[in-house]
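Everything on this sheet refers to the single structure shown next.
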Amino acid sequence: MSDTMTLYKNFEAKIAAVLAELEANGVLPEGTNLANVAVEPPRDASHGDLATNAAMVLAKPAKTNPRALAEAIAGKLIDDPTITSAEVAGPGFINLRLDAAVWLQELGVIADNADAYGRSRMGEGMRVNVEYVSANPTGPMHMGHCRGAVVGDALSSLLEFAGHDVTREYYINDAGGQVDVLARSAHLRYLEALGDDIGEIPEGLYPGDYLKPVGAYLASELGDRFKAAPEEEWLPIFRAEAVAKMMDLIKSDLAMLGIHHDEFASEAALQAAGKPEAAEAWLRDHGFVYDGVLEAPKGKAPPEDWEPVELPLFRSTQFGDDQDRPIKKSNGAWTYFGADLAYHMQKAESADALIDIWGADHAGTVKRIKAAVAALSEGQGKPVPFDVKLVQMVQLMRGGEPVKMSKRSGNFITIADMVEEVGKDVVRFTMLTRKPEAQMEFDFAKVVEASKDNPVFYVQYAHARICSNLRKALADEGITPSAANLAALGEEELALIKLAAQFPREVEAAAKAREPHRIAFYLYELASALHSFYTLGRTDTDKRFIVADNPELSAARLFLAAQLGQVIRNGLQILGVDAVEEM
RNA sequence: GGCCCCGUAGCUCAGCCGGAUAGAGCACCAGAUUCCUAAUCUGGGGGCCGCGUGUUCGAAUCACGCCGGGGUCACCA
């Protein structure tokens with residue numbers, strides 16, 4: 001886009017110009033801080049199209065009262081030919097009404113930009129690494145991973161739409177003890193595939209059936225030569241093979257949700273490259289890591305096997321953590337944290353900002369990793385903004401009753417189950433209709449209801465309705481959307497345009513706050529406005545998109561409808577939800 | 001006990017980098033469709049924004065302290 005000046009920004013600039021003029025005239029002191037000046041649509045549409053709090057914010061530095069200053073600002077704004085009224089209201093708000101032509105032009109802007117309408121350059125030149133999902137490669141994706149996956153993916157798309165250069169990254173925890181357990185579990189299934197009777201899966205191994213194909217695959221690839229071999233011979237091979245198979249499984253589960261990562265970073269590879277050692281050396285040199293003994297846990301009875309051991313500790317207490325945190329275990333292996341801080345440094349090498357999406361059950365580890373990243377990145381002269389987004393648990397329900405799951409038996413609800421039952425769009429949209437840090441319920445019975453109770457259908461229906469009308473107009477009347485007679489549109493249509501025109505600022509606000517759910521709520525609002533207008537046509541045929549004997553008005557209304565559909569599509573695209581054309 | 005998140009209408013939730021009379025859906029009541037998709041729409045009642053103190057022109061929003069709910073407090077991942 002050559003010109004990214006959106007409608008709202010355009011008027012922000014006009015107000016800023018007036019303020020600069022007042023500053024030149026001495027009404028405002030030189031160098032007045034305009035940071036708190038806001039220009040936004042008023043909450044109550046009857047107040048006008050735009051409102052600014054400039055006079056209230058600036059009255060004090062101007063040594064006058066808000067209403068007097070507001071009058072002065074309003075007096076200058078009204079000179080603008082596109083501003084039809086500038087009224088001072090309440091404690092000193094300035095309410096502006098814009099010429100209808102301004103809004104009608106915005107429809108053309110939507111049409112011209114099409115799929116790019118709402119894109120922003122606010123993130124231009126900024127590389128953001130978003131790490132999400134990062135589920136252990138020990139089994140299929142289950143419900144616990146779902147919300148973070150959707151939120152991380154939608155956030156990535158949102159940031160991209162707002163102009164950031166986004167890397168979607170998945171950290172494969174393929175170096176810890178759990179992948180050894182996976183390898184042993186796979187070996188057992190390998191023996192089973194070779195004809196052994198393995199009986200019950202022993203305690204401590206993964207019981208799920210999803211390892212059976214892995215065992216069969218290993219048996220066919222490797223034959224029986226690891227059947228009686230000692231563990232140290234087969235463990236590394238089985239670990240690598242099983243992890244690879246699990247990652248295939250996870251990728252296909254994610255694909256069902258429409259999620260595709262750009263980078264898969266292996267913890268094992270990170271360790272093999274010596275990254276944790278390098279981080280430790282630097283941290284030691286700068287006094288962030290020392291050898292020490294942790295105190296026994298307070299508050300509760302210490303674990304029975306607790307004993308004091310000297311370990312290399314990171315000084316996270318300097319950053320507000322409860323205690324310093326070990327980066328290595330007593331057996332010399334890296335702790336998760338020890339490897340993770342090196343991993344974050346690796347990500348920071350090719351990013352200007354880092355975002356992690358974690359489950360809320362890891363909230364307790366946020367301080368230490370943020371502290372480590374701060375220490376490392378600032379110490380190395382390149383401070384990297386690092387944000388950890390916590391997503392809360394999802395309680396699965398069915399018709400108001402909690403869904404029971406047993407991890408022991410491997411009987412858990414997988415993402416594949418969910419998507420097969422209710423569909424990708426329902427899963428994604430529902431996960432985005434609540435702010436991530438709030439707990440939510442997901443009721444299988446409710447989310448498939450085809451009603452306004454279900455925002456997915458409500459928004460998709462709005463889009464389908466528009467498409468249906470466009471199809472019908474062409475097929476029955478031969479009318480195509482046209483911007484030739486937009487002046488024929490009335491107040492109701494203008495209200496729709498005004499709402500659609502907010503999309504670019506919604507995108508920027510959501511991107512700035514890193515809250516993709518705002519887009520979902522905005523789309524619901526837009527869909528609601530569309531449905532309302534549509535229903536007017538039921539009793540008043542002059543209010544229809546297709547008006548009999550009035551092809552000019554019909555073409556204009558259809559042009560409006562087409563642009564509303566465009567905005568809905570653009571919003572849904574950010575959320576990763578399909579904009580269906582018929583239902 | 002420490003730390004993190006949440007507390008807004010009967011229910012599920014928006015709004016929270018301070019702004020005008022606090023919103024939406026569900027549920028409840030009353031209505032709208034011979035005609036563009038009723039999977040929709042219109043109207044109505046319903047609120048100490050958990051409690052208190054502070055900050056200021058102004059607090060659901062910010063700070064502090066309580067209360068209630070959840071999470072978490074391994075050399076796990």
Side-chain angles (χ1 to χ4, degrees), chain A residues 35-36 38 40 42-44 47 51 53 56-57 59-60 65-66 89-93 95 134-136 138 173 175-178 267 294 297-300 303 305-306 309 311 320-323 325-338 340 359-367 390-393 433-441 443 446 449-455 457-458 460-462 464-465 467-473 476-477 512-513 517-518 520-521 524-525 528 530-539 541 543-548 554 557-558 561 582-583:
Chain A
N36 290 326
E40 51 197 9
R43 190 185 304 171
D44 186 341
H47 289 145
N53 62 352
M56 290 184 289
V57 174
K60 193 173 277 183
N65 71 71
F93 287 102
N95 292 328
S134 297
N136 285 340
T138 55
N173 301 134
Q178 82 286 347
E267 181 185 4
L294 286 178
K298 289 177 196 164
K300 286 181 181 173
D305 55 351
W306 188 87
V309 185
L311 295 167
D321 204 354
D322 298 340
Q323 61 173 215
R325 304 291 174 174
I327 61 170
K328 270 184 179 175
K329 308 180 203 174
S330 54
N331 67 3
W334 296 101
T335 61
Y336 182 85
F337 171 60
D340 202 31
D361 52 338
H362 289 71
T365 66
V366 171
K367 276 185 180 172
L390 297 175
V391 302
Q392 285 287 341
M393 304 289 121
T433 49
R434 208 133 303 177
K435 57 182 175 183
E437 63 270 27
Q439 295 169 63
M440 74 178 290
E441 288 181 3
D443 194 312
K446 282 189 186 162
E449 272 176 29
S451 72
K452 65 188 300 184
D453 194 14
N454 185 345
F457 284 92
Y458 190 78
Q460 286 185 322
Y461 181 43
R465 259 190 163 163
C467 293
S468 162
N469 279 274
L470 293 172
R471 280 193 304 267
K472 190 172 174 57
D476 295 356
E477 316 286 338
K512 190 178 171 193
H517 73 276
R518 292 189 188 203
F521 282 96
Y524 187 86
E525 197 182 341
S528 174
L530 182 278
H531 287 311
S532 286
F533 179 76
Y534 186 88
T535 307
L536 290 178
R538 279 197 185 282
T539 46
T541 53
K543 293 286 171 62
R544 296 192 177 184
F545 286 114
I546 305 164
V547 184
S554 299
R557 288 236 176 97
L558 290 168
E582 52 190 326
M583 298 180 73

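Below, read A as the first sequence line, B as the second, and so on, with proteins coming before strands; counting in each chain starts at 1. Not measured: the values here are computed from a predicted model. Values below: every heavy atom of this structure, side chains too, minus hydrogens, waters and symmetry copies.
Looking at the side chain of A:Thr365, the nearest of the listed nucleotides B:A39, B:C76, B:C36 is B:C76. Among the nucleotides B:C35, B:C36, B:A77, the one closest to the side chain of A:Thr541 is B:C35. Comparing atom distances between the A:Pro326 side chain and each of B:A77, B:C75, B:U37 picks out B:C75 as nearest.
For A:Arg434, the salt bridge (charged side-chain N to carboxylate O under 4.0 Å, His left out) criterion is met by no residue, not counting sequence neighbours. Judged as a salt bridge (charged side-chain N to carboxylate O under 4.0 Å, His left out), and not counting sequence neighbours, the contacts of A:Lys472 are A:Asp476. Applying the side-chain hydrogen bond (donor to acceptor under 3.5 Å, both in side chains) test to A:Asn53 and every residue at least two apart in sequence or in another chain returns nothing. With sequence neighbours left out, A:His531 forms a side-chain hydrogen bond (donor to acceptor under 3.5 Å, both in side chains) with A:Arg465.
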Under 4.0 Å protein heavy-atom contact, by nucleotide of nucleotides 11-21 of chain B - B base, S sugar-phosphate only: -SSSSBB-BB-

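In secondary-structure terms, RNA chain B builds stems of at least 3 consecutive Watson-Crick or G-U pairs, each pair having both distances under 3.5 Å, at B:1-7 with B:67-73, B:10-13 with B:23-26, B:28-32 with B:40-44, B:50-54 with B:62-66.
For the OP1/OP2 pair of B:A77 and a distance below 4.0 Å, the side-chain nitrogens and oxygens of A:Lys329 include at least one atom meeting the criterion.
Note on A:Gly537: a base of the nucleic acid sits closer than 4.0 angstrom, heavy atoms only.
Rounded to whole Å, the separation between the C1' atoms of B:A60 and B:G15 comes to 8 Å.
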